Amino acid sequence: MSKSTETMEKIVALCRRRGFIFGSSEIYGGIGGFWDYGPLGVELKRNIKDCWWNDMIHNPPPGPNGRTFQMVGVDCSIIMNPKVWEASGHVGGFADPMRKCDGCGHFVREDQLWEILASDSKWLDSLLQVFTPVTGSIDSPRLLNWAKSKGRKLAPNLALVRNPEVTLSWLASRVNGQPDAPPTVQEICQYVATEQLHQTGLQDPCPRCGNPLGPAAPFKLMFESHTGIEQNEGSKVYLRPETAQGIFVNFKNVMDSTRVKIPFGIGQIGKAFRNEITPRNYTFRSREFEHMEIEFFCNPKESMVWYEFWRDVRIKWYESLGIKSDKLRPREQGEDELAHYSDACTDIEYMFPFADEPQELEGVAHRGNFDLSAHGKASKGKENAFAVMDDSEQNRDRKGAGSSPARFVPHVIEPSAGVDRFTLAAITEAYSFDENRASPEFMKFHPRLAPIKAAVFPLVAKDGMPEIAEPIYQEIRKQFTCRYDAKQSIGKRYARMDEAGTPFCFTIDSQTKEDGTVTVRNRDDASQDRIDKSRCLQYLRDKLGL
Ligand code: ATP
């Protein structure tokens, strides 16, 4: 078992044992892709959402020009008029038989696979330059060289790259076995994607990463339900797969009911549902999860500046909450990956222990005016139905000259984050193991995220100690999540708090009765201080900076 798999198993076990995360409906065998957060998990998740709401909606950093800008929130219904999902492209876009790549998550329409491979696959294009099937033999050293160099970069999940010797032997036996019938491009593709021919038969590769594609399925990303008694096409509704559309369809409501002006943002935190074909990697890819999304509306002329602003703000936000920068990777999408309406997109990725490559935590996308135009057209018959006046300084100055358009449909920058993915990242980042400690496993959460901020322990449940401890606990719990525990040995109580990631524990002992001081134990280095019992709350405030 690799070290990272072992670490992941330990983390999953700790999360279960200590009540961070349970499988949903476990007593009935569970249900794939759904998870429940226990008493510690729910506090951690709430802290993440509170930090996001506070740092992005109530108190965002100043904008690129150093000025403050407006951010407001909404909380929209999960089920909306199905026309929303038609206009957004979610209904039509997922109605065709799709094949999913488990390697990179890419979906390919079954009927377009070979066309896409032929015209739009970088790795195949490159491979065909070193492949010479028409000669009736293959140049194995050249192919091996390709697999170990260009192949690794262009098609990391292709069988020829992962296991070149075995894959090449299948290919060679095909080419040499039928010298008069050289393989077609389609066959070449299938052979280089196949590692165990006898077991799996020929595989079809993903045009992007080369991994064998899954079977075709009429892919319905969205969960369906019905409103009312009659269950027919007319009553069909969808559980939202993202919170963003609720924001777009309320754009005008927000503008009309508040005093916000472009540039401004609307944020929303809420549940989203995706009928993922292969939920995996613990909570990383779930079928029910929570989004924290901002749609930031700006003047098209300034949209790239705002895009860069939000990308940087969001990266710094993760760092400010304890995610180490060397584990974070902002990956700018290549032009071939971008949606047709998008000018730029950065995936903020994190190096989870379960994967060899960093995985997406959040996407920051420049969406142009695609969404507002689509909803304008579908609901009001006009793409520019949600246009706003251009009262930027630049435009005001040039109005006289009559050279600037007076109105525009705002461009949108969308930082879209997953609460559950960040929760998982915070858990894996916090997980620490030190065999020299009495409690080797401990969770080094950033104080803002720690589910429990402090614990109060009477050393023994007698000799007047509980009577001193109880009021300290009552005082602290009014401001911070705090636990009181008078049972078991003090070492065991510290160990429990270490596993929960509690930064500080206050212990009342016999000396407290003599000089009024208590012990404060620090989670990270197990060091101990003594402070006056009246200073516990202030000590916490100072140390946590909250
Ligand atoms: P992926 O490529 O990993 O499927 P995505 O690009 O489809 O993600 P978005 O639609 O951009 O994701 O959603 C924004 C964020 O929502 C993601 O960065 C991720 O944090 C979270 N997210 C998306 N799908 C899931 C899921 N199935 N389970 C948990 N979180 C998710």
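Start at 1 and go down the list; that is how both ligands and their atoms are numbered. This structure is a prediction, so every number in the text was calculated from the model and none was measured.
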If you measure every N or O of [X] against every N or O of ligand 1, does any of those distances drop under 3.5 Å?
X: Phe289; result: no
X: Thr283; result: no
X: Leu361; result: yes

Side chains of [X] and [Y], donor plus acceptor under 3.5 Å:
X: Glu43; Y: Tyr37; value: no
X: Thr194; Y: Gln203; value: no
X: Gln245; Y: His375; value: yes

Answer side chain, backbone, both or neither: which part of Glu242 comes under 4.0 Å from ligand 1, heavy atoms only.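 Neither part.
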Region of Phe284 that comes within reach of ligand 1 [heavy atoms, distance under 4.0 Å]: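 Backbone only; the side chain of Phe284 stays clear of ligand 1.
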To check your reading of the model: name the closest protein heavy atom to [atom], its residue, and the distance in Å.
atom: atom 14 (C) of ligand 1; result: Ser416 OG, 3.0 Å
atom: atom 28 (N) of ligand 1; result: Ser286 N, 2.9 Å
atom: atom 18 (O) of ligand 1; result: Glu360 OE2, 2.7 Å
atom: atom 19 (C) of ligand 1; result: Arg421 NH1, 3.4 Å
atom: atom 21 (C) of ligand 1; result: Gly418 CA, 3.7 Å
atom: atom 13 (O) of ligand 1; result: His291 NE2, 3.2 Å

With ring centroids as reference points, do Phe297 and Phe264 lie under 6.0 angstrom apart?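 When the ring centroids of Phe297 and Phe264 are compared, they turn out to be within the sub-6.0 Å range.
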Which residues pass the side-chain hydrogen bond (donor to acceptor under 3.5 Å, both in side chains) test with Lys49, not counting sequence neighbours? Glu290
Residues that Arg367 engages under side-chain hydrogen bond (donor to acceptor under 3.5 Å, both in side chains), provided they are two or more places apart: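 side-chain hydrogen bond (donor to acceptor under 3.5 Å, both in side chains) list for Arg367, sorted by chain: Tyr341, Asp371.
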Output the list of atoms in ligand 1 that are nearer than 4.0 Å to some heavy atom of Glu362, sorted by atom number.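 Once the distances to Glu362 are compared, the set is 18 (O).
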Arg274 neighbourhood, listing ligand 1 atoms whose heavy-atom distance to it stays under 4.0 Å: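 Result: 5 (P), 7 (O), 9 (P), 10 (O), 12 (O), 13 (O), 23 (C), 24 (N).
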Does Arg285 reach ligand 1, in the sense of a heavy atom lying below 4.0 Å from it? yes
Out of curiosity, is Gly105 lining ligand 1, as in a heavy atom under 4.0 Å away? no
Under 3.5 Å, is there a donor-acceptor pair between the side chain of Arg152 and the main chain of Val161? no
Pick out which of Trp35, Phe22, Phe20, Phe352 makes a ring-ring contact (aromatic ring centres under 6.0 Å, His included) with Tyr282.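 Between Tyr282 and the candidates, ring-ring contact (aromatic ring centres under 6.0 Å, His included) is satisfied uniquely by Trp35.
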Under the criterion ring-ring contact (aromatic ring centres under 6.0 Å, His included), which of Trp52, Phe284, Trp317, Phe289 is the partner of Phe422? Trp317
Is Glu357 paired with Arg331 through a side-chain N to carboxylate O contact shorter than 4.0 Å? no
